[in-house]
S.K.: 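The structure's right below; bear with me while I get my questions together.
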Amino acid sequence: MVIPARDEEGTIGATVRNVVTTLESAGVEHEVLVVDDHSRDRTGAIVEALVAEFDHVRLLSSPFGSGFGLTVRAGLDRFEGDAVAIVMADGSDDPRDLIRYHQVLVQGYDCAFGSRFMSGSTVSDYPKLKLAINRAVNLGIRMLFRHGYNDTTNAFKAYRREVIDNIQPLLANHFNLTVEMPLKAVIRGHSYAIVPVGWTNRSWGESKLGLKEMGSRYLFSMLYAFLEDHLTRGDYRRQGFDPRAGHGRAPALPTDDAERGADEPGLVNR
């Protein structure tokens with residue numbers, strides 16, 4: 001997985017440890033690639049200590065300029081597995097949901113998309129103004145692309161390597177990459193399942209995503225994907241994809257939903 005990190009000395013250690021111990025306990029083969037986005041604190045030093053402690057943790061200093069999208073893209077250029085998940089460094093993502101994502105990919109889906117806003121999901125301490133903006137933006141995306149997914153802007157997703165290869169070139173330098181990646185994957189014909197995930201607001205430091213980030217850059221990524229979907233006549237869609245098939249229901253995955261008091265997860269494939 002790829003963990004982009006900028007000035008996260010208060011959380012990066014716990015985030016990496018929780019991810020590693022969760023995946024090891026489940027017997028899931030993994031690699032944790034932390035990409036340092038020009039941090040000005042001890043983030044890099046903390047990860048270096050974790051590299052010495054854990055065999056499958058690596059540190060990469062981003063070779064690009066500063067920006068969430070550039071940092072993730074640096075990690076996508078260097079990860080070594082057959083699939084990759086994007087995990088936030090602030091500890092907001094529940095590492096247990098990586099097991100769900102792994103199950104989705106093992107079932108044969110190309111992508112695993114988490115939703116914080118469906119039956120079985122848990123959300124703690126989401127700032128009210130950001131929540132209102134988030135729901136409005138995601139509603140607009142859902143109406144525009146009709147992909148049956150209500151949390152496109154969430155960065156926490158997993159993709160097979162062939163998806164990452166097929167959605168190139170990635171253009172977003174900032175948080176609008178969280179929109180560009182899943183939309184390109186969907187319109188280029190990759191299958192996906194949607195499962196409930198947990199999210200908890202950071203307990204340390206400040207979010208790197210400002211409200212202004214929700215403006216023109218997100219709109220650019222949405223319009224770029226929309227124009228590709230409607231004007232390129234399928235030039236970039238993967239071979240064998242039938243756009244007439246639409247959306248379909250898939251069997252439920254074995255999950256720990258009972259612990260969360262949830263109904264079975266909603267799974268959709270294109």
Side-chain angles (χ1 to χ4, degrees), residues 67-69 72-73 76 86 88 101 104 109-119 121 123 126-160 163-164 166-197 199 209-238 240-250 265-270:
F68 176 87
V72 172
R73 286 163 56 187
L76 296 179
I86 313 299
M88 300 301 287
Y101 285 0
V104 165
Y109 289 94
D110 299 325
C111 312
F113 293 164
S115 173
R116 297 166 290 182
F117 307 103
M118 66 183 293
S119 177
S121 64
V123 176
Y126 205 120
K128 292 183 178 180
L129 178 58
K130 284 191 174 183
L131 177 60
I133 295 174
N134 175 289
R135 302 322 302 140
V137 170
N138 277 284
L139 176 61
I141 295 173
R142 187 173 184 177
M143 293 176 64
L144 190 62
F145 291 92
R146 301 180 181 274
H147 57 5
Y149 182 35
N150 67 358
D151 202 9
T152 302
T153 58
N154 186 11
F156 182 42
K157 297 178 174 69
Y159 307 84
R160 292 185 182 274
V163 179
I164 299 301
N166 192 36
I167 63 177
Q168 302 293 339
L170 293 170
L171 304 178
N173 294 353
H174 300 282
F175 278 92
N176 51 320
L177 186 72
T178 64
V179 171
E180 181 182 5
M181 289 181 64
L183 289 182
K184 278 187 174 180
V186 170
I187 66 178
R188 294 186 182 186
H190 291 282
S191 62
Y192 57 96
I194 304 169
V195 296
V197 296
W199 185 91
L209 172 60
L211 292 180
K212 291 183 179 179
E213 191 72 44
M214 302 295 285
S216 60
R217 288 171 176 150
Y218 274 60
L219 182 60
F220 166 77
S221 294
M222 291 166 55
L223 291 178
Y224 180 93
F226 183 82
L227 291 174
E228 177 182 312
D229 194 22
H230 287 79
L231 299 183
T232 62
R233 298 179 178 272
D235 289 343
Y236 304 105
R237 290 179 186 148
R238 68 186 180 99
F241 170 63
D242 182 3
R244 296 169 298 179
H247 300 286
R249 280 287 167 188
L267 301 177
V268 179
N269 72 321
R270 183 160 179 135

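What you see below is based on every heavy atom in this structure, not just the backbone, and it leaves out hydrogens, waters and symmetry mates. Please read all numbers here as calculations on a predicted model, not as lab measurements.
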S.K.: Just by modelled atom types, is the Asn154 backbone N or O under 3.5 Å from a matching donor or acceptor in the Thr178 side chain?
M.R.: no
S.K.: Only one of Lys184, His190, Arg188 forms a side chain to side chain donor-acceptor pair (under 3.5 Å) with Asn166, so which one is it?
M.R.: His190
S.K.: When you measure from the side chain of Tyr224 to the backbone N and O of Glu180, does any donor-acceptor pair fall under 3.5 Å?
M.R.: no
S.K.: How close do Ser121 and Val197 get, counting heavy atoms only, and between which atoms?
M.R.: CB-O, 3.3 Å
S.K.: Rounded to the nearest 0.5 Å, how far apart are CG of Leu183 and CD1 of Ile187?
M.R.: 7.0 Å
S.K.: Taking atom OH of Tyr126 and atom NZ of Lys130, what is their separation to the nearest 0.5 Å?
M.R.: 7.5 Å
S.K.: Angle class for the Phe113/Tyr149 ring planes (parallel below 30°, perpendicular above 60°, tilted otherwise)?
M.R.: parallel
S.K.: Over all heavy atoms of both residues, which pair between Thr232 and Glu228 is shortest? Give the atoms and the distance, please.
M.R.: OG1-O, 2.5 Å
S.K.: What's the spacing between Asp229 CG and Phe145 CZ if we round to 0.5 Å?
M.R.: 7.0 Å
S.K.: Ser115 and side chain to side chain donor-acceptor pair (under 3.5 Å): which partner among Asn138, Asn150, Thr152?
M.R.: Asn150
S.K.: Closer than 3.5 angstrom, by distance alone: can the side chain of Ser191 be matched with the main-chain N or O of Asp110 as a donor-acceptor pair?
M.R.: yes
S.K.: For Arg116, is there any backbone N or O sitting under 3.5 Å from a side-chain donor or acceptor partner on Asp151?
M.R.: yes
S.K.: So, taking the atom named SG in Cys111 and the one named CD1 in Ile164, what distance separates them when rounded to the nearest 0.5 Å?
M.R.: 8.0 Å
